[in-house]
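The structure appears below as structure tokens.
Every chain is numbered from 1 and lettered A, B, ... according to where its sequence line falls, protein lines coming before strand lines.
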Amino acid sequence: MTSTDPQQPSTAAPDAAPDAAPEQLALLRETVRRARPRARAPQPAAAELPVARVLVDKGLAHLDQYYDYAVPAKMAETAQPGVRVRVRFGARVVEGRRSGGGLVDGFVVARLAASDYPGPLAPLSLVLSPEQVLTPALLRLCRAVADRYAGTLADVLSLAVPPRHARAEADPSPPPLPAPPAPDPGGWDRYPSGAGFLSALAGGESPRAVWTALPGPGWPEEIARAVAATLASGRGALVVLPDGRTTARVDAALTALLGPGHHTALTAELGQEERYRRWLAVSRGSVRAVAGTRAAMFAPVRDLGLLVVWDDGDGSHSDLHAPHPHARDVALLRAAEEGAGVLIGGLAVTVEAARLVATGWARPLVPDREGLRRAAPLVRTVGDLDLARDEAARAARLPTVAWQTAREALARGPVLVQVPRRGYVPRLACARCREQARCAHCVGPLEARGSDSLLHCVWCGRPEADWHCPECGSFRLRAQVVGARRTADELGRAFPAIPVRTSGRDAVLATVPGAPALVVATPGAEPVADGGYAAALLLDGWALLTRPDLRAGEEALRRWLAAAALVRPHAEGGTVVVVAEPTLRPVQALVRWDPAGHAATELQERAQLGLPPVSRMAALTGSPAAVADLLALTRLPPGADVLGPVPVPGPGEPQQRALVRVPPGQGAALATALKAAQAIRFARKQSDPVRVRIDPPDIG
DNA sequence: AGCACGCCGACT
DNA sequence: GTCGGCGTGCTC
């Protein structure tokens, strides 16, 4: 019965010649019934490896598994592992005949001689393109990322493989260029182990390092040299940067060092067609080096010799889409899979990177004292004590030291003024004791809305007419962070002859000329100045430091370093004024320019407190019942701790969040356990979902 | 997730 | 008798 059914080509005997008789019978039967006038003729199966294992790309979170399909003979050559296919999925078998089921896209992950599925196999409907985009290495990486983040393979694949574009596919990619010669160390000779790192790459080794980059404009070129050294060994290289602006800088440095043809930039802003065209050039082995933003971490560079992640503390390295993989962690997984070298670099050092050094997995690649002295600006602090004595600061909001530094520096070049974004922080706090101003009804944070500066609760919206501090009784609130625009106005009045430029969220300047000017920028939007800034003023440091976040100190230091690194060296008169308490650890780390030391201390403290990244955490968010249910179903690994659940603020249905914390080494077990529990809940068809996030970014 | 099957009640 | 409510379970 089965063997004569037109819809079910036999897979039992791949070498059997297709039989004409049943085909004609079937046609006859179709004609008589006339129910399915367009029913397909039976398709003979491929002679070799007639089974295709397919990853069906459907948003079925719990269906993280493969399905076997029969390979029709006419697709025998094209349906190779890694190609995109279209299959009928979800059909039902009625009287031995398939009905219903929609066409969905998927990837062939393997060709097999036989299936272990006991039922009859449906045929592949279409090979969308013969391009083998999902290489075995990429599949393994995506699998590892999905496991690491308790996510599904299909979700990770949609991050890793860009959407197809037929026109881009039709164009041939040029043949790869021969490997370039190994570069000389260039700026790497400012680091004691820099030249060694480079020659190891050029010699085909895979060194791993956490690189504390010297301030100044040299780092894009240093990255380019590391890439060139890797190419010289006949291997490929991949650089991931936090945004399009820094990607462009590294891309330019690569072009300057290598000329065109060796490398390509992969960013979202290219548009689908161009992005896919370049991605294909990489996939086809035509281009061996890639610089790009976070999704580029999956780019199928062949014979990968080096993975670079620049500024891994930047939040943009975390993907917006589930399961929110972080480029640094993808790099670590990929390095393990493909035996590549790793360079985690930045002006700052994250606690995660410090851990790689502490465990011996990576070597520190740091400048010596002398190199630092030559490259870093002078850093001065303005603390509360100074501000209290400073009558002028009250009126102008600009401490006298900052004002004097700016006036003096403006004779020699541009001055950068870093101002936290308006509405960035802690909203309002008591002017005397710094206690956060909270709503008397619901404890939500207060903010001054509109121009009338009337206080309102951010959560419940109630106005607060006569606030006073519950801790100290003061009636005075510390002013909200003044935005870049108003700061620019004030500075313009203070220095009437000097042009003022702003760079912020909506209009980011990439560069400014070396002429005297005030450049007011929000963190992350600082333009690079031609010849370096003569000085930088880092205003409202308290705002960066008082954010209710585990990473507040690390993040403040990272942003200060980014701005201060654009200033000329002290020897050339470069000065940085930071308005923050000089006793605080991040401030001291800035003054000493010691991000690695700061991260190492922070790491020790986190380890003692059982906080990430030494321990691994997962956040479970959903309705109270759903979170409790998922927790009950999860077989937690030994030593796991459940924190909460606590209510999470926000509109709509009340939500809760529980944090699960596991000791070092149990991260993979935690992800596996959570995924298994999620699968049980999905199978039970409980529509009340729980969002699971490994390494939640915002643990206060 | 869809989608079809199936076992109940109100209609032609 | 027959239409259709959506509870249940499967999808190669």
Using a 4.0 Å heavy-atom cut-off across all strands, classify A:Tyr117 as base, sugar-phosphate, or nothing. base
Quickly work out the A:Leu121 CG to C:dC12 P distance and round it to whole Å. 9 Å
Do NZ/NE/NH1/NH2 and the carboxylate oxygens of A:Asp695 and A:Arg148 come within less than 4.0 Å? yes
Check A:Asp116 with A:Arg53, please: is the shortest side-chain N to carboxylate O separation under 4.0 Å? yes
In whole angstrom, what separates A:Ile680's CD1 from C:dG9's P? 16 Å
Atom pair distance, as rounded to whole Å: CZ in A:Arg681 and P in B:dA1: 11 Å
Is the shortest side-chain N to carboxylate O distance from A:Arg334 to A:Glu337 below 4.0 Å? no
Rounded to whole angstrom units, what separation is found between the OH atom of A:Tyr66 and the P atom of C:dC12? 17 Å
Value in whole Å for how far the P atom of B:dA1 lies from CG of A:Leu103: 21 Å
For residues 236-247 of chain A, dump all side-chain donor-acceptor pairs below 3.5 Å to protein atoms at least two apart in sequence or in another chain.
residue, atom, partner, partner atom, Å
A:Asp243, OD1, A:Arg245, N, 3.2
A:Asp243, OD1, A:Thr246, N, 2.8
A:Asp243, OD1, A:Thr246, OG1, 2.7
A:Arg245, NH1, A:Leu509, O, 3.2
A:Arg245, NH1, A:Glu526, O, 3.0
A:Arg245, NH2, A:Gly524, O, 2.9
A:Thr246, OG1, A:Asp243, O, 3.1
A:Thr247, OG1, A:Asp243, O, 2.7

Figure out the CG/C1' separation between A:Leu112 and C:dC12, and round it to whole Å. 12 Å
Taking atom P of B:dG2 as reference, at what distance in whole Å does atom CZ of A:Arg88 sit? 16 Å
I need the OH-C1' distance between A:Tyr67 and B:dG2, as an integer number of Å. 13 Å
